[in-house]
Amino acid sequence: MVTAIYPGSFDPVTYGHLDILKRASALFDKVIIAVGTNLRKHAMFSLQTRLDMLKEVTGGTENIDPYPNVEIKTFPGLLVDFAWEQKAGAIIRGLRALSDFEAEFQMALFNRHMEPGISTVFLMPHARYTYVSSSAIREIAQYSGLCGSKEKDLSEFVPPIVAERLKEYFKR
Ligand code: ADP
């Protein structure tokens with residue numbers, strides 16, 4: 001039984017994240033989505049809201065099948081310590097472009113140095129998600145509809161409940 005950890009900020013979860021999750025859940029017996037409480041990154045959505053969105057979309061919605069072997073957790077400290085505690089054999093990361101590589105390479109090697117028994121596995125999403133990032137989604141949602149332009153449709157990139165949450169957030 002091999003468990004993999006899929007860590008990230010998921011601020012908010014996108015179809016790019018879900019693409020990687022689907023591939024990981026087909027490869028491993030169990031995948032734990034680990035939502036980081038990373039001090040370096042100031043998240044837009046609260047931890048609870050990010051968890052709620054993840055729970056909803058992985059539990060199955062009208063256009064997304066449920067993910068039966070996926071759990072969602074948070075971790076306060078170092079990823080490798082969390083992975084070790086969960087008896088995980090792998091850490092999953094998504095690779096979109098070469099620009100992701102440098103930071104990912106460093107992190108993977110550091111993590112391997114600290115826990116040699118845990119391997120980082122890189123997965124590539126479908127080409128249609130290679131340019132999707134949570135930060136770009138947040139920015140488009142924030143400025144969409146301003147200057148008299150029409151609202152941008154994000155339905156290709158985020159599940160409906162995420163699009164709704166973004167709208168609500170920026171209405172406030
Ligand atoms: P982090 O702060 O750890 O980068 P993210 O939520 O931005 O958190 O990303 C979590 C993981 O998901 C990372 O490995 C990232 O490369 C991957 N990821 C994010 N968006 C995509 C996407 N569109 N396609 C593939 N992987 C993605």
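Counting starts at 1 for both ligands and their atoms, in listed order. Hydrogens, waters and symmetry mates play no part in the numbers below; they use all other heavy atoms, side chains included.
- Lys73 and Gln86 share a side-chain donor-acceptor pair at under 3.5 Å.
- In terms of polar-atom proximity, His17 is counted as a contact of ligand 1, with an N or O under 3.5 Å from an N or O of the ligand.
- Between Tyr129 and ligand 1, an N or O atom pair is found at a separation short of 3.5 Å.
- Among the atoms of Leu95, none of the N or O lies under 3.5 angstrom from an N or O of ligand 1.
- Within the 4.0 Å heavy-atom shell around ligand 1 one finds Tyr6.
- In terms of polar-atom proximity, defined here as any N/O pair under 3.5 Å, Asp11 makes no such contact with ligand 1.
- A perpendicular orientation is assigned to the rings of Phe45 and Tyr169, their planes being inclined by more than 60° (bins at 30° and 60°).
- Both the backbone and the side chain of Ser9 come within 4.0 Å of ligand 1, counting heavy atoms alone.
- At a 3.5 angstrom cut-off on N or O pairs, Arg93 counts as close to ligand 1.
- Judged purely by distance below 3.5 Å, without hydrogens or angles, the side chains of Glu115 and Asn111 never pair a donor atom with an acceptor atom.
- Only the backbone of Pro7 comes within contact range of ligand 1, with a heavy atom under 4.0 Å; no side-chain atom does.
- Atom-to-atom distance recorded for Met44:CE and Thr49:OG1 is 9.5 Å, nearest 0.5 angstrom.
- To the nearest 0.5 Å, the span separating OG1 on Thr74 from CG on Leu54 amounts to 11.5 Å.
- Where the criterion is an N or O separation shorter than 3.5 Å, residue side chain and backbone included, Val132 meets it with respect to ligand 1.
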